[in-house]
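Worksheet for the structure shown next.
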Amino acid sequence: MTASNAPEADSTDDLVAARRQKLRFLKEELGVDPYGGRVEGISSLKDARDAFDESAHLALEEDPEGEDRRPRRLVSGRVMQHRDMGKLVFMTLRDHTGDLQVSVSKAACDPAIFRLAKKLDYGDVVVAGGPMGRTRKGEICVWADRVEIHAKSLTPPPEKWHGLSDPEIRFRRRYVDLHANPEAILALQDRSRIVSRMRSFMERRDFLEVETPMMQPMAGGAAARPFVTHHNTLDLDLYLRIAPELYLKRLLVGGLPRVFEINRNFRNEGVDRSHNPEFTALEVYEAFGDCWTMMELTESMLHELAVASAEDRRQRGDESVGGTADAPILPFDGIPVDWAKPFVRVTYSELFTRAHGFDLQDEAAVRAKAAELGIEDAATRDHWLLVDDLFEREAEDLIDPARPTFVTGYPSAVSPLTRPMADQPHLCDRWDIFVAGMEVGPAYTELNDPEIQQAKFSEQLSGADDEAEAFRTLDEDFLTALRVGMPPAGGLGIGVDRVVMLLTGMRTIREVIAFPLMRPEGGSE
RNA sequence: GCCCCCGUAGCUCAAUCGGCAGAGCAGCUGACUCUUAAUCAGCGGGUUCUCGGUUCGAGUCCGAGCGGGGGCACCA
């Protein structure tokens with residue numbers, strides 16, 4: 001790592017220098033603190049706009065000498081536009097609720113205030129107060145007699161018309177993106193609302209929210225590569241969790257019959273449009289339930305969330321929302337996703353047969369097809385693993401992307417924590433829900449027989465390659481817990497980020513995560 | 001990890017066949033009491049991602065690296 005933290009000489013310097021010059025002017029000429037302080041009684045820009053009173057405005061128009069009944073508001077925001085007309089300054093402020101114009105007339109305010117208003121830059125954080133009125137062109141605005149700067153922006157902002165579109169800068173400097181692109185802040189507000197409704201739904205169903213370890217001595221509950229970290233004083237390697245499952249089940253053993261957790265999982269895998277290395281999952285366990293009670297719960301919850309999101313979006317004038325109040329259609333990546341109940345249900349084996357023309361139990365046909373598709377070890381690998389390969393390659397594509405779809409009855413071989421079906425043990429009581437081509441989450445009738453569980457763990461370990469073996473170890477304590485006795489249960493995992501994508505129409509997972517992972521800039525070693 | 005594409009002013013983008021690196025916005029100076037991407041007059045602004053190569057000459061061609069986008073793989 002060599003030298004230069006020093007800013008390089010480019011035109012940024014000139015732009016910053018101009019702003020520093022104004023900073024000095026504010027301090028020395030106007031005697032104001034350009035970094036402000038506490039302010040009481042600030043209205044959001046939306047509330048201020050809503051407070052505008054047409055009759056009070058008109059009354060004053062007709063009789064300028066009469067009583068001014070216009071409501072006064074104090075607002076704050078970032079300067080997004082600034083038009084200096086000489087003795088009249090117009091600026092547009094932006095906050096988390098939208099934009100509002102502030103108009104400053106030389107005749108109507110203190111000379112020092114007017115000098116400050118003229119000197120403001122795009123990006124400055126200001127507070128302005130005055131009566132709510134209209135301009136001659138009809139624009140609702142604050143006719144400000146109070147203007148203060150509360151944070152001088154030293155950094156030149158993005159271009160006002162085209163804005164900031166370079167995804168590299170958008171996600172690296174999200175704080176700029178969020179005020180430059182109103183959709184960005186909307187996505188995070190929508191996310192918050194969706195998660196809050198999820199939580200409220202689970203609480204209404206009498207589930208208890210819990211928090212289980214994110215740092216685990218063994219990374220269990222899923223087959224994914226974990227991140228490794230280290231505890232110094234204990235001299236202990238720890239894994240960032242890949243799933244909370246094994247701990248939530250311990251709580252079932254302990255006697256909490258309905259638990260859920262909304263929190264981060266970490267998987268050391270590739271990054272793409274629908275995968276961020278840390279992602280938020282809703283995980284649910286219900287004693288004496290099964291994957292079918294989880295199906296009802298999931299359908300009701302997602303439907304409720306979709307209805308609420310559609311309503312939010314309609315209210316803000318989003319014309320892309322279709323369908324009816326109870327059966328909204330929310331477009332995602334060009335697909336009009338229809339959230340009407342009931343969602344589609346289809347069995348794994350039916351989809352398989354439709355895709356390939358033979359039954360998934362027909363081992364010879366499966367091996368032949370796998371060989372034809374060039375799948376490795378088509379002759380020797382486990383039949384059911386090949387089945388799942390074939391399923392993922394062809395059968396998933398047959399699911400209607402415009403309808404939330406439950407695919408039921410997965411092979412037991414790919415679901416080691418799931419109870420096999422009594423009448424056909426090669427399949428198990430598990431489903432996955434797909435929406436718009438994305439896997440949103442699976443649910444299971446959980447395995448609570450410690451003997452079968454132990455056998456399945458061992459089987460899975462023996463099939464692991466060297467790399468997998470390095471972090472997949474048998475969780476003895478979990479088996480001990482099962483031997484204490486876990487009630488039969490239904491379990492569910494939902495990818496929260498993906499649900500938010502679907503309900504907000506955001507095409508990439510990064511849009512719905514405040515700070516998605518980016519490789520560090522100028523990354524030498 | 002693999003394949004394809006991209007990286008030019010603060011931002012959004014041009015630059016013909018390899019021939020003096022440009023525009024709009026923003027910035028600076030000035031004018032303007034009703035603007036809405038305000039307008040008008042004038043002025044500045046570049047390591048063309050980095051390093052190396054080919055060439056009389058490289059933003060442009062070649063190689064390597066860094067970063068980004070898309071796809072594949074990985075991902076119960």
Side-chain angles (χ1 to χ4, degrees), chain A residues 4 8-19 21-22 80-92 99 101-108 114 118 121-123 133-141 143 153-173 176 180 220-226 242-243 245 265 267-277 279 376 384-385 388-389 391-392 410-418 428 430 432 439 441-442 444 456 460 463 465 467-468 493 495 507-508 510 518-525:
Chain A
S4 68
E8 295 178 9
D10 55 29
S11 66
T12 308
D13 288 353
D14 298 339
L15 299 172
V16 171
R19 283 163 180 259
Q21 178 61 42
K22 287 186 187 166
M80 301 307 288
Q81 306 216 43
H82 187 263
R83 291 182 286 272
D84 180 351
M85 306 286 299
K87 297 191 178 67
L88 195 55
V89 174
F90 299 107
M91 54 190 166
T92 303
D99 292 358
Q101 180 169 298
V102 170
S103 310
V104 191
S105 162
K106 186 175 184 183
F114 193 70
K118 282 176 89 77
D121 278 322
Y122 289 52
R134 275 192 201 276
T135 64
R136 275 178 213 158
K137 294 286 169 65
E139 183 81 26
I140 293 175
C141 66
W143 278 108
S153 179
L154 294 175
T155 310
E159 205 258 358
K160 65 182 175 189
W161 185 242
H162 300 93
L164 183 65
S165 59
D166 181 349
E168 173 147 13
I169 305 176
R170 285 193 53 217
F171 295 116
R172 280 194 199 289
R173 306 225 304 236
V176 176
R225 298 199 298 190
I242 55 177
E245 169 157 0
N265 292 332
R267 296 189 179 175
N268 207 336
E269 310 287 352
V271 176
D272 64 30
R273 226 184 333 181
S274 60
H275 294 81
N276 193 61
F279 64 97
E376 253 180 275
W384 291 104
L385 296 183
D388 205 46
D389 270 358
F391 181 84
E392 283 181 11
Y410 274 68
S412 297
V414 298
S415 316
L417 296 168
T418 314
C428 64
R430 163 191 166 186
D432 263 38
E439 185 186 354
Y444 309 88
K456 282 181 160 283
Q460 190 187 25
D465 58 24
E467 197 197 356
R507 221 171 50 84
T508 76
R510 295 193 306 185
M518 297 291 281
R519 203 186 281 265
E521 241 167 329
S524 52
E525 73 265 33

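Lettering of chains follows the sequences in order, A, B, ..., and the numbering in each one begins at 1. Everything numeric here is computed off the predicted structure, so don't read it as measured data.
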Just compare B:U33, B:U12, B:G69 and give me whichever is closest to any side-chain atom of A:Leu164. B:U12
On a heavy-atom basis, the closest approach of A:Ile242 and A:Arg267 is O-NH2, 2.9 Å
Regarding A:Arg430 and A:Thr418, do their side chains bring together a donor and an acceptor under 3.5 Å, going by distance alone? no
For the pair made of CZ in A:Arg19 and P in B:C28, what is the distance, rounded to whole Å? 8 Å
Evaluate the side-chain contact (heavy atoms from CB on, under 4.5 Å) criterion for residues A:Gln101 and A:Thr135: first the C-alpha distance (whole Å), next the side-chain angles of each, then the deciding distance (0.1 Å), finally the verdict. CA-CA 10 Å; A:Gln101 180 169 298; A:Thr135 64; 3.6 Å; yes
A:His162 atom NE2 is separated from B:C11 atom P, nearest whole Å, by 14 Å
Would you mind telling me which of B:C32, B:C11, B:A26 lies closest to the side-chain atoms of A:Leu15? B:A26
Same-atom distance (P) from B:G30 to B:G67, integer angstrom: 45 Å
Non-hydrogen side-chain atoms of A:Tyr122 and A:Glu159 separated by less than 4.5 Å: no
Selection from B:C74, B:U36, B:G27 that lies nearest to any side-chain heavy atom of A:Glu269: B:C74
Atom CG of A:Leu154 to atom C1' of B:G27: distance rounded to whole Å? 14 Å
Say you pick atom P in B:C4 and the same atom in B:U48; how far apart are they, in whole Å? 27 Å
Nucleotide B:C75, atom P - distance to CG of A:Asp388 in whole Å: 11 Å
Between A:Thr92 and A:Asp166, which has a closest nucleotide on RNA chain B that is more 5'? A:Asp166
Output the rounded distance in Å from CD (A:Glu168) to P (B:G10). 15 Å
Which whole-number value in Å describes the distance from A:Gln101 CD to B:A38 C1'? 11 Å
What integer number of Å spans the C1' atoms of B:C61 and B:C25? 33 Å
Short question: side chain of A:Arg19, backbone of A:Ser153 - any donor-acceptor pair under 3.5 Å? yes
Given B:G68, is OP1 or OP2 found less than 4.0 Å from the side-chain N or O atoms of A:Arg519? yes
Is a donor-acceptor pair below 3.5 Å formed from side chain A:Gln81 to base B:U36, judging by atom type as modelled? no
d(A:Arg273 CZ, A:Arg507 CZ) to nearest 0.5 Å is 4.5 Å
So A:Trp384, base contact, sugar-phosphate only, or nothing? Heavy-atom distance under 4.0 Å. nothing
May I ask you to evaluate whether A:Lys22 reaches the phosphate of B:C28, defined as a side-chain N or O under 4.0 Å from OP1 or OP2? yes
Distance check: side-chain N/O of A:Lys160 vs OP1/OP2 of B:A37, anything under 4.0 Å? no
Please measure how far the P atom in B:G10 lies from the corresponding atom in B:C49, and state the result in whole Å. 12 Å
Taking the C1' atom of each, how far is B:A41 from B:C32, in whole Å? 12 Å
B:U50 and B:U12: how far apart are their C1' atoms, nearest whole angstrom? 24 Å
Short side-chain N/O contact from A:Ser165 to OP1 or OP2 of B:U12, under 4.0 Å: yes
Would you measure the distance from the C1' atom in B:G24 across to the matching atom in B:G1 and give it in whole Å? 43 Å
Using only heavy-atom distances, decide whether a donor-acceptor pair under 3.5 angstrom links the side-chain of A:His275 to the base of B:C75. yes
A:Ala180 near the nucleic acid: base, sugar-phosphate alone, or nothing, with a heavy-atom cut-off under 4.0 Å? nothing
Verdict with reasoning, A:Arg83 to A:Thr92, per side-chain contact (heavy atoms from CB on, under 4.5 Å): CA-CA 9 Å; A:Arg83 291 182 286 272; A:Thr92 303; 4.1 Å; yes
Using whole Å, report how far CG of A:Asp84 lies from C1' of B:U36. 15 Å
Is the shortest side-chain heavy-atom distance between A:Ser274 and A:Glu439 below 4.5 Å? no
Under 4.0 Å between a side-chain N/O of A:Arg273 and OP1 or OP2 of B:G71, yes or no? yes
Between B:G10, B:G27, B:C34, which nucleotide gets closest to the side-chain atoms of A:Pro156? B:G10
Check the phosphate of B:G68 against A:Arg172, side-chain N and O only, distance under 4.0 Å to OP1 or OP2. Yes or no? yes
Nucleotide nearest A:Tyr122 (side chain, heavy atoms from C-beta), chosen from B:U36, B:G10, B:G27: B:G27
Euclidean distance, atom CE of residue A:Met518 to atom P of B:C66 [Å, nearest integer]: 16 Å
In whole Å, what separates the P atom of B:A26 from that of B:C66? 38 Å
Mind checking if A:Tyr410 touches a base, just sugar-phosphate, or nothing, with heavy atoms under 4.0 Å? nothing
Using a heavy-atom cut-off of 4.0 Å across all strands, would you classify A:Ser415 as base, sugar-phosphate, or nothing? nothing
Which residue lies toward the 5' end of RNA chain B, A:Pro167 or A:Gly163, if each is placed at its nearest nucleotide? A:Gly163
Where the side chain of A:Glu139 is defined as all heavy atoms beyond and including C-beta, which of B:G10, B:U36, B:C34 is the nearest nucleotide? B:U36
Measure from the side-chain heavy atoms of A:Thr508 and tell me the nearest of B:C74, B:G70, B:C75. B:G70
